[in-house]
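A short worksheet on the structure shown next.
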2 protein chains.
Amino acid sequence: MKILPEKTVERLSQYRRTLYNCIDQGKERIYSHELALLLNITAVQVRRDIMFIGYNSYQRKGYDIKDLIGKISLIIDTQEPLNVAVIGYGNLGKAITTYFIGNRPKLNLVAAFDIDPKKIGSEVNKIKCYSIDRLREIIVNNDITIAILTVPTHSAREMAKILVQSGIKGILNFTTVNLNVAPNIYLEEYDMITSLEKVAYFVKHKPEEEE
Amino acid sequence: MKILPEKTVERLSQYRRTLYNCIDQGKERIYSHELALLLNITAVQVRRDIMFIGYNSYQRKGYDIKDLIGKISLIIDTQEPLNVAVIGYGNLGKAITTYFIGNRPKLNLVAAFDIDPKKIGSEVNKIKCYSIDRLREIIVNNDITIAILTVPTHSAREMAKILVQSGIKGILNFTTVNLNVAPNIYLEEYDMITSLEKVAYFVKHKPEEEE
DNA sequence: TAACATTTGTTATAAAAATAACAATAATTT
DNA sequence: AAATTATTGTTATTTTTATAACAAATGTTA
């Protein structure tokens with residue numbers, strides 16, 4: 001299958017989570033406009049994304065929620081689960097660990113790393129913290145392919161380098177340092193301060209939204 | 001001035017932070033391609049963004065870093081500082097508080113809120129945690145306009161409602177619930193699980209990047 | 001000083017993403 | 001059973017974002 005647009009991948013992930021919530025509430029079918037409302041987007045957007053993944057509903061009956069979840073999972077999940085590690089086990093690293101609980105069957109959070117001896121050996125939600133000295137060893141032995149980087153600014157570049165050397169294929173970067181990695185490594189940057197400054201800007205310059 | 005494109009606002013925020021780092025390293029001037037390299041983007045992108053804010057360098061000498069920071073600040077900062085509150089003082093709330101330290105002169109983090117009696121009264125980086133019961137009172141009295149939402153899923157919608165009723169103008173939403181708010185409230189959603197699933201997808205479907 | 005090189009600022013083009021338009025289909029109403 | 005309605009799936013259009021192209025400016029070299 002052709003590679004999907006980035007934004008579609010993002011939304012598919014959100015659709016799936018929302019659809020799981022619907023199932024919990026006993027819902028079996030959902031219309032495009034219902035799903036759109038839940039996500040604050042338009043029904044056309046939903047239908048277009050679903051077109052991309054080639055799912056067909058029974059016409060006029062909405063989508064079968066379980067089927068749709070299955071189809072989305074087929075597209076965005078890997079066959080084999082991917083192993084993930086959190087690098088930096090401060091508040092943010094722990095917060096992410098908590099978000100993870102029992103959530104994603106195809107993404108296993110398997111280890112955390114920190115430099116602080118007090119943290120090493122500690123656990124949050126069964127995820128154990130190892131010394132950063134053992135990074136390479138544990139990444140290689142556990143076939144970890146994705147790293148979530150939450151270390152302090154000053155060590156971010158150094159860490160990224162070690163991660164790539166250890167065979168990591170994707171990095172989700174929460175530090176405020178813009179990393180430079182080889183083009184075969186997928187890098188997703190997330191910067192909280194920028195998000196906040198963006199909110200501040202658009203609060204001031206309300207974009208004249210009218211409905 | 002005309003409202004800037006969202007992506008440009010995001011990058012301006014990043015430019016500024018990067019430029020501050022350059023000053024710390026004793027640098028005074030910077031070329032568009034240098035700044036681009038630091039942020040992993042192209043020089044054209046940088047020049048185009050700078051064009052948007054109407055800053056002019058001395059030709060061929062690169063940009064004066066201090067001047068540029070000043071100009072960016074003029075554009076993306078508010079005149080009067082905006083007050084910000086963190087709603088939910090768990091690991092994530094605390095992590096965000098830490099990110100904030102002494103960082104943004106025009107964005108004051110003034111209070112945190114939680115429902116857990118054990119947390120109420122506690123402090124992280126001088127930011128005190130109040131009971132959620134006092135949300136409205138404190139928001140109104142302190143003229144808080146931006147809320148960072150890090151509460152558990154089940155209370156997210158309820159919280160958002162109270163925030164809007166209390167006069168909040170912008171919400172940065174870290175919960176995995178998609179909120180529906182009035183169109184005059186600026187809402188920025190951030191979803192860590194989606195980011196991670198996106199990394200997983202593109203690690204699997206490496207987009208054939210070659211240079 | 002003439003030719004060249006470098007870097008910006010801006011216009012032009014391309015790519016990505018979102019929205020709109022609408023035919024096709026199937027249920028419902030008259 | 002014909003007309004109407006609701007909903008999907010897809011193509012067409014628009015908007016947003018990124019990239020490319022290049023003139024203007026200015027310093028450097030021959």
Worksheet item: Any side-chain N or O of A:S57 under 4.0 Å from OP1/OP2 of D:dT8?
Response: no

- Is the closest side-chain donor-acceptor distance between B:T176 and B:D191 under 3.5 Å? no

OP1, OP2 of D:dT8 versus side-chain N and O of A:S32: anything below 4.0 Å? yes

note: B:D67, atom CG; C:dT8, atom P; distance rounded to Å ~ 15 Å

Taken to the nearest whole Å, CE/A:M51 to C1'/C:dA24 is 15 Å

Atom CG of A:L37 and atom P of D:dT7 are separated, to the nearest Å, by 13 Å

Any chance the side chains of B:D49 and B:T8 put a donor and an acceptor closer than 3.5 Å? yes

*asked:* I'd like to know if the side chain of B:S195 pairs up with that of B:Y190 as donor and acceptor (distance under 3.5 Å, no hydrogens or angles considered).
replied: yes

When rounded to whole Å, the CG to P distance for the pair B:L68 and C:dT8 reads 11 Å

When rounded to whole Å, the OH to P distance for the pair B:Y63 and D:dT26 reads 15 Å

Checklist entry - If you draw a 6.0 Å radius around CD in A:E137, do more than 12 non-hydrogen atoms from other residues or ligands fall strictly inside? => result yes

B:N56 atom CG is separated from D:dT26 atom P, nearest whole Å, by 11 Å

When rounded to whole Å, the OH to P distance for the pair A:Y55 and D:dT7 reads 16 Å

(Q) Just checking A:K27: does its NZ atom have more than 12 heavy atoms from other residues, nucleotides or ligands closer to it than 6.0 angstrom? (A) yes

Rounded to whole Å, the CD1-P distance (A:I50 to D:dT10) equals 12 Å

Of the listed D:dT11, C:dT7, C:dT11, the closest approach to the B:H33 side chain comes from C:dT7

Winner on side-chain proximity to B:Y31, out of C:dT11, C:dT8, D:dT7, is C:dT8

Taking the six-membered ring for Trp, are B:Y130 and B:F113 parallel (under 30°), tilted (30 to 60°) or perpendicular (over 60°)? tilted

Under a 4.0 Å heavy-atom criterion, the protein footprint on nucleotides 16-21 of chain C, written with B, S and -, is -SSBB-

With A:D77 as partner, the option from A:R104, A:K106, A:R16 fulfilling salt bridge (charged side-chain N to carboxylate O under 4.0 Å, His left out) is A:R16

Closest of C:dA5, C:dT8, D:dG9 to the B:R60 side chain is C:dA5

